[in-house]
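First the structure, in the form of structure tokens, and then the observations on it.
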Amino acid sequence: MYPEYLVAPMRQELVDAGFEELKTVEEVDTAIPSEGTVFVVVNSVCGCAAANARPAARFAVENGKKPNKLVTVFAGMEKDAVDKAREYMLPYPPSSPAMALFKDGKLVHIIERHMIEGRPAQMIADNLIAAFDEYC
């Protein structure tokens with residue numbers, strides 16, 4: 001677990017973009033399997049989250065089409081909520097950061113850490129926008 005003062009600005013970056021933080025298993029179980037589209041960002045303190053993942057997520061949700069719900073869990077903080085979100089992302093292994101799009105509770109698109117590291121935020125955002133255009 002990280003000190004809250006350290007992660008607060010990283011949390012706020014997504015909250016300011018319209019994401020709802022999920023901090024409990026119950027919140028995850030209510031949000032992800034719901035009707036419509038849900039975009040989940042597994043946030044992280046790592047450099048690729050700061051430089052690539054969060055900027056890409058923020059840019060992508062400014063797209064014309066976007067998911068019905070925008071939610072986030074924070075790796076290294078609310079362990080139970082993160083573990084529950086990752087269960088919905090199976091068979092993909094745990095990854096942080098990561099981004100997943102669900103439609104009517106089914107995983108339809110995922111971006112894992114290895115697809116984030118070393119790639120420009122715009123390239124990741126374009127990938128997300130294409131998924132939003134297809135599924136939202």
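These figures come from a predicted structure and were not determined experimentally.
Minimum interatomic distance between Lys65 and Cys136 (heavy atoms only, all atoms of both residues): CD-O, 3.7 Å. The shortest non-hydrogen separation linking Pro97 to Cys46 is CD-SG, 3.4 Å. Of all the heavy atoms in Val61 and Lys66, the pair that sits closest is O-CD, 3.1 Å. Smallest separation of non-hydrogen atoms from Met10 and Asn43: O-ND2, 3.2 Å. For the pair Ala57 and Leu14, the tightest heavy-atom approach, listed with the atom from each and the gap, is CB-CD2, 4.3 Å.
In this structure, Arg11 does not pair ionically with Glu20, as no charged nitrogen and carboxylate oxygen lie closer than 4.0 Å. Of the charged side-chain nitrogens involved, at least one lies within less than 4.0 Å of a carboxylate oxygen, so that Arg113 and Glu117 count as a salt-bridged pair. One finds no salt bridge joining Glu27 and Lys84 here, because no Lys/Arg side-chain nitrogen approaches an Asp/Glu carboxylate oxygen to under 4.0 Å.
Remark: side-chain polar atoms of Arg86 are not paired, donor with acceptor, to backbone N or O of Pro94 under 3.5 angstrom. In this structure a side-chain-to-backbone donor-acceptor pair under 3.5 Å is missing from Arg54 to Val41. A donor-acceptor pair is defined here as one N or O able to donate and one able to accept, closer than 3.5 Å; no such pair exists between the side chain of Asn68 and the backbone of Gly36.
For the ring pair (Phe, Tyr, Trp, His ring centres under 6.0 Å) test, no residue two or more places apart in sequence or in another chain qualifies with Phe59.
Here Tyr92 is tied into one hydrophobic group with Leu22, Val28, Ile32, Val38, Val40, Val42, Val71, Val73, Val82, Tyr88, Met89, Phe102, Leu107, Ile110, each link being a pair of ILVMFWY side chains closer than 4.5 Å.
Here the straight-line distance linking atom CZ of Arg119 with atom SG of Cys48 works out to 11.0 Å at 0.5 Å rounding.
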Q: Please test Thr37 against Lys69 for side chain to side chain donor-acceptor pair (under 3.5 Å), starting from the C-alpha separation and ending with a verdict.
A: CA-CA 6 Å; Thr37 50; Lys69 290 183 185 179; over 6 Å; no
